[in-house]
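Structure first, then comments.
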2 protein chains.
Amino acid sequence: MTDFKAQPPAGMEPTGASTQGDSLYQLIRDDIISGRLQANERLIVADLAQRHSTSTNPVREALQLLRGEGFVVISPNRGARVRPIDQNFVRDIYEIGVLIEPALTRWFVGMATPEDIVQLEKVQAEIEENNFADALRHSELDTRFHTIMYERHYNRHAAELWWKHREVLRAVSRRYNFTLARRAQVMREHRQLIQFIKDGEAEKAATLVAQHVEGSGRHVLEQMRAAEAARAG
Amino acid sequence: MTDFKAQPPAGMEPTGASTQGDSLYQLIRDDIISGRLQANERLIVADLAQRHSTSTNPVREALQLLRGEGFVVISPNRGARVRPIDQNFVRDIYEIGVLIEPALTRWFVGMATPEDIVQLEKVQAEIEENNFADALRHSELDTRFHTIMYERHYNRHAAELWWKHREVLRAVSRRYNFTLARRAQVMREHRQLIQFIKDGEAEKAATLVAQHVEGSGRHVLEQMRAAEAARAG
DNA sequence: CTGGATCGGATTATACATTATTTGACATGG
DNA sequence: CCATGTCAAATAATGTATAATCCGATCCAG
């Protein structure tokens with residue numbers, strides 16, 4: 001049984017935080033993602049420090065990190081607030097993905113070894129086997145699939161950017177389900193992608209990935225819209 | 001006399017820092033850019049606090065900010081170091097620019113008003129008038145030129161990313177001169193770009209911008225290589 | 001509506017405790 | 001003698017605690 005916790009691409013943890021700052025970052029981020037913290041809610045340093053029984057310094061550090069990832073907005077002298085993860089936010093990130101991922105893919109096609117293909121096929125087999133039964137697991141596997149392609153890219157900046165965005169998107173989409181249509185499409189595109197990589201069809205692979213990411217974004221945005229409509233109606 | 005200090009696109013200061021943290025950020029960043037701080041030099045919190053006569057807290061904050069912009073590398077329990085702004089670093093950033101800027105441009109072409117065109121032409125006129133005589137001024141004007149195109153883009157993430165990268169690149173290229181060939185090319189491309197925008201030729205404008213950014217990156221990298229060779233030889 | 005008074009909380013300043021890393025003296029095995 | 005390993009002191013990072021200031025928002029009297 002393979003574990004299916006998504007790992008950040010080798011040698012690129014989001015670090016820059018100290019031990020405690022880092023775990024605080026995790027905790028607060030989870031609170032934001034899970035919705036325990038409302039959108040736009042104020043994040044009061046003293047409160048957070050007390051709630052997690054630390055002093056204020058680590059809290060500030062964690063907030064800075066969260067700001068960097070886009071989960072929190074800080075305005076000088078007015079403190080931090082939970083960033084509302086709204087449709088615009090998600091759209092922005094997907095759009096950047098549509099621009100960057102094809103480039104990462106194009107490079108990967110030129111560099112892929114037979115072992116890489118085996119890896120991809122193995123993960124894809126797991127995805128098919130799981131067949132969306134366990135949503136969380138699907139998310140992790142899907143992330144692993146793309147990580148295999150991107151993690152060795154020479155452009156560390158681009159790969160890092162991708163990973164950061166990926167984490168946000170994973171957090172968001174965790175709240176929704178895949179429609180049947182989307183499930184079929186994901187499978188189709190992954191299989192097709194593997195084929196293109198095998199054939200060394202860099203351009204086709206890149207185009208496909210652009211579609212894949214865009215489709216994924218469109219799907220999540222639909223879900224968000226639907227959920228919002230439900231809430232309003 | 002227009003001032004030619006490059007302004008961040010409206011409503012998007014990179015900050016999130018407090019007054020003092022912010023000015024420290026500026027100061028340290030300048031020290032890094034100007035070379036007063038060596039590559040990989042350790043940034044000791046207590047020292048910096050003393051040098052700038054503040055306490056350690058704002059210094060920590062400033063370092064976090066600098067880390068976010070890529071000027072500083074922080075490793076847990078080992079503190080902060082000046083990030084060597086090497087060729088890979090610069091290449092990575094330009095490559096991302098080549099992916100993102102064309103998309104921003106494409107949108108701008110569809111949205112540009114006559115006033116925008118006037119603005120662009122005015123800045124371009126200033127650029128031509130200055131004709132690279134004052135390098136710093138050229139840099140600011142060139143930045144302003146592109147800011148006009150990007151600052152109103154609906155994708156705030158993308159625009160912000162562009163701006164952050166722009167600041168780094170401006171810092172780096174400040175150290176070098178434009179070759180004659182590059183000067184001519186920049187002028188040509190700007191003029192051509194304005195024309196495409198006037199004609200509503202979004203695709204052509206996008207392609208041209210990709211070239212423009214790539215050319216700019218290539219040029220800076222050449223300079224860096226040359227400088228390094230000179231240092232070694 | 002306008003100019004303070006007030007309040008919450010961010011920001012800054014200190015001082016100190018704790019912990020991890022680095023350094024250099026010294027010892028040991030080859 | 002040199003390479004390697006060990007250990008303790010020195011160095012800084014990190015975390016805690018507390019107080020002083022400063023800023024922005026709100027309330028209130030005029």
Side-chain angles (χ1 to χ4, degrees), chain A residues 11 13-32 36-84, chain B residues 11-29 31-32 36-84:
Chain A
E13 341 299 297
T15 45
S18 38
T19 19
Q20 232 160 114
D22 192 47
S23 62
L24 262 178
Y25 160 82
Q26 304 278 350
L27 289 170
I28 300 176
R29 203 186 67 144
D30 281 352
D31 282 348
I32 293 175
R36 277 188 293 280
L37 290 170
Q38 294 293 315
N40 283 314
E41 186 168 339
R42 255 193 99 174
L43 295 170
I44 295 168
V45 179
D47 290 358
L48 292 171
Q50 182 157 30
R51 173 159 33 257
H52 299 99
S53 49
T54 66
S55 59
T56 58
N57 264 356
V59 173
R60 278 171 147 272
E61 194 175 341
L63 288 179
Q64 289 289 338
L65 276 183
L66 287 162
R67 186 188 67 86
E69 317 276 315
F71 286 107
V72 148
V73 178
I74 301 182
S75 27
N77 284 319
R78 313 222 268 118
R81 289 173 175 279
V82 175
R83 173 152 192 173
Chain B
M12 135 198 326
E13 341 300 293
T15 40
S18 37
T19 18
Q20 201 136 155
D22 190 48
S23 64
L24 264 177
Y25 160 82
Q26 305 278 350
L27 289 170
I28 299 176
R29 203 186 66 146
D31 283 348
I32 293 175
R36 278 189 291 280
L37 290 170
Q38 293 293 314
N40 283 313
E41 184 167 341
R42 255 192 100 175
L43 295 170
I44 295 166
V45 179
D47 289 359
L48 292 171
Q50 182 157 30
R51 174 159 32 257
H52 299 99
S53 48
T54 67
S55 60
T56 58
N57 271 357
V59 173
R60 287 202 206 169
E61 191 174 346
L63 290 178
Q64 290 289 337
L65 277 182
L66 287 161
R67 186 189 66 86
E69 317 276 317
F71 287 108
V72 148
V73 179
I74 300 182
S75 27
N77 286 322
R78 325 243 252 84
R81 287 172 177 280
V82 174
R83 173 152 191 173

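Proteins come first, then strands; the chains are lettered A, B, ... in the order of their sequence lines, and each starts at number 1. Because the structure is predicted, anything quoted here is derived from the model rather than measured.
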Among dT12(C), dT16(D), dA13(D), find the nucleotide with the atom closest to the side chain of I44(B). dA13(D)

Would you indicate, yes or no, if dT12(C) has its OP1 or OP2 atom less than 4.0 angstrom from a side-chain nitrogen or oxygen of T19(B)? yes

Taking the side chain as every heavy atom from C-beta outward, state whether E41(B) and I32(B) have any atom pair closer than 4.5 Å. no

Could you pick out which residue, D47(B) or S53(A), lies toward the 5' side of DNA chain D when each is mapped onto its nearest nucleotide? D47(B)

Categorize L24(A) for me: base, sugar-phosphate, or nothing, with a 4.0 angstrom heavy-atom threshold over every strand shown. nothing

Nearest nucleotide by nearest heavy atom, which residue falls closer to the 5' end of DNA chain D, P58(A) or G79(B)? G79(B)

For E61(B) and dA13(D), what is the distance between atoms CD and P respectively, to the nearest whole Å? 17 Å

Nearest listed nucleotide, side chain of S55(B), among dA10(C), dA13(D), dA13(C): dA13(C)

Any idea which of dA12(D), dC23(D), dT12(C) is nearest the R42(B) side chain? dA12(D)

Whole-Å distance between dG15(D) P and Q64(B) CD? 11 Å

Contact class for T56(A) vs. all strands (heavy atom < 4.0 Å): base, sugar-phosphate, or nothing? nothing

Taking the basic N atoms (NZ, or NE/NH1/NH2) and the acidic carboxylate oxygens, is any pair closer than 4.0 Å for R60(A) and E61(B)? yes

Calculate the interatomic distance between R81(B) atom CZ and dT21(C) atom P; express it in whole Å. 13 Å

Can you tell me the distance, in whole Å, between the CG atom of N57(A) and the P atom of dA12(D)? 19 Å

To the nearest angstrom, how far is D22(B) atom CG from dT12(C) atom C1'? 15 Å

Taking 4.0 Å as the cut-off, does a side-chain nitrogen or oxygen of R60(A) come that near to OP1 or OP2 on dT11(C)? yes

Output the rounded distance in Å from CD (Q50(A)) to P (dT18(D)). 12 Å

Hey, could you give me the CZ/CG distance between R67(B) and L43(B), rounded to the nearest 0.5 Å? 14.0 Å

Among T19(A), L63(A), L24(A), the one residue meeting side chain to side chain contact (heavy atoms under 4.5 Å, CB included) with P58(A): L24(A)

Please report, rounded to the nearest Å, how far the P atom of dA13(D) is from the CG atom of L43(B). 9 Å

Mind calculating the distance between CG (L65(B)) and P (dT11(C)) to the nearest angstrom? 11 Å

Under 4.0 Å from OP1 or OP2 of dA12(D): is there any side-chain N or O of R78(B) that close? no

dT19(C) OP1/OP2 closer than 4.0 Å to side-chain N/O of Q20(A): no

Does any non-hydrogen side-chain atom of H52(A) lie less than 4.5 Å from one of I28(A)? yes

Give N77(A) one of three labels, base, sugar-phosphate or nothing, depending on what nucleic acid heavy atoms sit under 4.0 Å from its own. sugar-phosphate

